[in-house]
Amino acid sequence: MIILRNVPLQPFNSFGIAARAAMLVRVRSAADVRDVLAHRKLAARSKFILGGGSNVVFTGNVRALVLKVEVPGRRIVAETGRHVIVEAGAGENWHDFVTWTLDQGLPGLENLALIPGTVGASPVQNIGAYGLELQDRFHELDAIDLVSGAEFTLNAGQCGFGYRDSVFKHRAAQPGDFGLADRALVLRVRFALPRDWRPLLDYRDLQARVAETGISRPSARQVYDWVVAIRNSKLPDPRELGNAGSFFKNPTVSPEQCRDIIGRDPELVHYPMPDGSFKLAAGWLIEACGWKGKRVGNAGVHDRQALVLVNHGGKAQPVSGGEVMTLARAIQASVYERFGIRLEPEPVIV
Ligand code: EPU
């Protein structure tokens, strides 16, 4: 085990925020975690798990021991009647893994192409895009308990998936509570890819591609290419303009509240949910409040997608987590004032 001290975290977060970690350990296997737990001083420290750093905002230096997950590997595990089970180490880059599955002739993850981050982080926030969520393709995962060092396996039900949510985002106040945040580290994730594959084209942007090209039955590779092109056209590349993807979750409101807003703002982008509620496009709400393209210090609202906050200071004069949160709070206040809706941040705020 190598313990690194006073480590700059700027290269390890897609926002490019210049925080530091007092101590950082690279985790390539369960044995590395057990070494930490066997170490008299390190075992007692609180721990922060860092994946690809694409969904985190550092508001200061990190005092907790940073466990940087670098577990490698990808393989085809088994074939069942209806699925092919594939596995990847938590440290694998998500998009490279999606590309690899297609190279193996295994469709099923193409709608999730180009999402930044690692495989280990994908179940933590139940990543989703273009009509597909991770939980739709999830089989099970192996994790390690950060107190006992015991390894265990969780199925989808045990992960408690919700919209950009899972058991790994909740902190248990006492033993037995729902929540494994900072308590369990994901080592490997297994996915069930359907043998009887059909393209998922319900999302509006994909339907537009079908209409434009006349290709009504695209291959998985074609859908992958479309998703990559759509993302590239709307979302900033974190290597050029630091960001953490969508900064807020799309809020859910009651039918009455939705009707009330439409009465005043007929253009409101809203989607009916199976339980009768409505999901609203937070990007639309933020744009309606005049924030799109605005800048406060080095923090800004992206000019092509108002749901994404960006770092205008680059590497040299990076935005601070405090500046990002000041902008985020100002956006929350104006959306609340105009629509009565409280936007909830999507990334993990540290
Ligand atoms: N919209 C605006 N103004 C904006 C942004 C969006 O009016 O500035 C409207 C668009 O016109 C569109 C609607 O809002 O009608 C939805 O926009 P988009 O398709 O870009 O998707 P989103 O709801 O803003 C969600 C996810 C993204 C995911 C896309 C595609 C969340 C919080 N975000 O964004 O996920 O890529 O759908 O499926 O659910 C992420 O989580 O980091 C992320 C990027």
Side-chain angles (χ1 to χ4, degrees), residues 13-15 51-57 94-95 98 109-118 121-136 161-166 169 200-209 223-224 226-238 241-253 258 261-262 265-273 278-294 300-310 324 328 331-332 334-335 338-339 341 343-349:
N13 76 96
S14 61
F15 235 118
S54 59
N55 202 44
V56 34
V57 179
W94 172 261
H95 177 68
V98 172
L109 296 176
E110 55 285 340
N111 292 49
L112 304 179
L114 213 63
I115 294 182
T118 54
S122 66
V124 174
Q125 61 150 348
N126 187 20
I127 56 172
Y130 308 104
L132 187 72
E133 278 187 313
L134 177 111
Q135 64 176 334
D136 303 325
F161 291 125
Y163 167 56
R164 295 295 190 279
D165 196 30
S166 75
K169 273 192 147 182
L200 283 179
L201 302 168
D202 298 339
Y203 204 85
R204 199 155 66 173
D205 290 353
L206 288 173
Q207 281 178 9
R209 297 280 156 154
V223 176
Y224 169 98
W226 283 342
V227 167
V228 167
I230 295 165
R231 291 189 78 94
N232 279 334
S233 71
K234 282 193 184 177
L235 298 167
D237 179 344
L241 192 59
N243 73 88
S246 298
F247 200 90
F248 299 102
K249 293 183 186 181
N250 283 329
T252 305
V253 297
C258 191
I261 301 174
I262 291 172
D265 289 282
E267 310 285 296
L268 176 75
V269 179
H270 60 290
Y271 316 94
M273 301 303 285
F278 284 86
K279 190 171 265 192
L280 308 182
W284 186 90
L285 300 172
I286 297 167
E287 183 174 352
C289 291
W291 284 104
K292 199 170 189 170
K294 283 273 165 62
V301 180
H302 189 48
D303 55 4
R304 275 176 285 146
Q305 166 48 296
L307 198 47
V308 179
L309 302 191
V310 297
V324 173
I331 292 170
Q332 283 171 315
S334 53
V335 168
R338 171 150 172 199
F339 298 105
I341 292 168
L343 291 182
E344 208 185 305
E346 204 241 299
V348 177
I349 315 293

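Every number for a ligand or one of its atoms is a count from 1 in the order of the listing. Side chains included, hydrogens not; waters and symmetry mates left out as well; all remaining heavy atoms used. A quick note: this is a predicted structure, and the numbers were derived from the prediction, not measured. In this chain, numbering begins with 1 at the start of the sequence shown.
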> Under 4.0 Å from atom 2 (C) of ligand 1, do we find at least one protein heavy atom?
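Under 4.0 Å from atom 2 (C) of ligand 1, at least one protein heavy atom found.
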> Please state which protein non-hydrogen atom is closest to atom 7 (O) of ligand 1 and give its distance, to 0.1 Å?
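For this ligand atom, the closest protein heavy atom is W284 CD1, 3.3 Å.
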> As an exercise, identify every atom of ligand 1 less than 4.0 angstrom from a heavy atom of V269.
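Counting atoms of ligand 1 from 1, those under 4.0 Å from V269 are 13 (C), 15 (O).
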> Which ligand 1 atoms are under 4.0 Å away from a heavy-atom of E346?
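Answer for ligand 1: 40 (C), 41 (O), 42 (O).
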> Starting from atom 38 (O) of ligand 1, what is the nearest protein heavy atom, named by residue and atom, and what distance separates them?
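Closest protein heavy atom to atom 38 (O) of ligand 1: Y130 N, 2.7 Å.
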> Are K249 and E344 close enough, and set up right, to give a salt bridge (Lys or Arg N to Asp or Glu O under 4.0 Å), and what steps lead you there?
CA-CA 6 Å; K249 293 183 186 181; E344 208 185 305; 3.4 Å; yes
> Which atoms from ligand 1 have a heavy atom of A281 less than 4.0 Å away?
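Selected atoms, number and element: 13 (C), 14 (O).
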> Hey, is Y163 touching ligand 1 through its side chain, its backbone, both or neither, going by heavy atoms under 4.0 Å?
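For Y163, only side-chain atoms sit under 4.0 Å from ligand 1.
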> Which pair of heavy atoms, one from V124 and one from K169, lies closest together, and at what distance?
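In terms of heavy atoms, the two residues are closest at O-CG, 3.8 Å.
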> At the 4.0 Å heavy-atom cut-off, does R164 count as touching ligand 1?
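The answer is yes: ligand 1 sits under 4.0 Å from a heavy atom of R164.
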> Can you tell me which residue and heavy atom of the protein come closest to atom 23 (O) of ligand 1, and the distance to 0.1 Å?
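Going atom by atom, the protein heavy atom closest to atom 23 (O) of ligand 1 ends up being N250 ND2, 2.9 Å.
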> Name all residues meeting the side-chain hydrogen bond (donor to acceptor under 3.5 Å, both in side chains) criterion together with D303; count only those two or more places apart in sequence or in a different chain, and write none if there are none.
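side-chain hydrogen bond (donor to acceptor under 3.5 Å, both in side chains) list for D303, sorted by chain: empty.
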> Run the contact test for R231 against ligand 1 with a 4.0 Å cut-off on heavy atoms, strictly below, and give the result.
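Heavy atoms of R231 do come under 4.0 Å of ligand 1.
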> I'd like to check which ligand 1 atoms, numbered from 1 as shown, lie under 4.0 Å from a non-hydrogen atom of F248.
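Counting from 1, the qualifying ligand atoms are 32 (C).
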> For atom 18 (P) of ligand 1, which protein heavy atom lies nearest, and how many Å away is it?
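Its nearest protein heavy-atom neighbour is Y203 OH, 3.5 Å.
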> Hey, what do you get for CG (N243) to OG (S14), rounding to the nearest 0.5 Å?
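Answer for the CG-OG pair, N243 versus S14, is 5.5 Å.
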> Need the ligand 1 atom indices (1-based, order shown) with element for anything under 4.0 Å from a heavy-atom of G245.
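Numbered from 1, ligand 1 contributes 42 (O).
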> Identify which one of P116, S122, S54 satisfies the side chain to side chain contact (heavy atoms under 4.5 Å, CB included) criterion when paired with W94.
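It is S122; the other options fail the test.
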> Do me a favour and list the nearest non-hydrogen protein atom to atom 10 (C) of ligand 1 with residue, atom name and distance?
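The closest heavy atom on the protein side is R204 NH2, 4.5 Å.
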> Below 3.5 Å, N or O to N or O, backbone or side chain included: is there any such pair between A306 and ligand 1?
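There is such a contact, yes.
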> I would like to know whether H302 and F247 meet ring-ring contact (aromatic ring centres under 6.0 Å, His included); could you show each step before the answer?
CA-CA 11 Å; H302 189 48; F247 200 90; over 10 Å; no
> Parallel, tilted or perpendicular: which describes the rings of Y203 and Y130, with under 30° parallel and over 60° perpendicular?
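Aromatic pair Y203/Y130 classed perpendicular.
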> So which protein heavy atom does atom 6 (C) of ligand 1 come closest to, and at what separation?
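That would be Q305 OE1, 3.7 Å.
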> Are any of the N/O atoms on K249, whether in the backbone or the side chain, positioned under 3.5 angstrom from an N/O atom of ligand 1?
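No, there is no polar N/O contact under 3.5 Å.
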> Taking only heavy atoms of K292, which atoms of ligand 1 are found under 4.0 Å from at least one of them?
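This gives 3 (N), 4 (C), 8 (O) as the contact atoms.
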> Relative to the heavy atoms of A129, which atoms of ligand 1 are at a distance of less than 4.0 Å?
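Contacts of ligand 1 toward A129, numbered from 1: 36 (O), 38 (O).
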> Report the part of Y271 in contact with ligand 1, treating N, CA, C, O as backbone and CB onward as side chain, heavy atoms under 4.0 Å; options are side chain, backbone, both, neither.
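Within the 4.0 Å criterion, Y271 contacts ligand 1 through side-chain atoms alone.
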> Who's the nearest protein heavy-atom neighbour of atom 42 (O) of ligand 1, and how far?
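Answer, as residue, atom name and distance: S246 N, 2.8 Å.
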> Considering only heavy atoms of K234, which atoms of ligand 1 have at least one such atom less than 4.0 Å away?
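That gives atoms 18 (P), 19 (O), 20 (O) of ligand 1.
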> One residue to check: E287. Relative to ligand 1, which of side chain, backbone, both or neither has a non-hydrogen atom less than 4.0 Å away?
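E287 to ligand 1: side-chain contact only, backbone stays beyond 4.0 Å.
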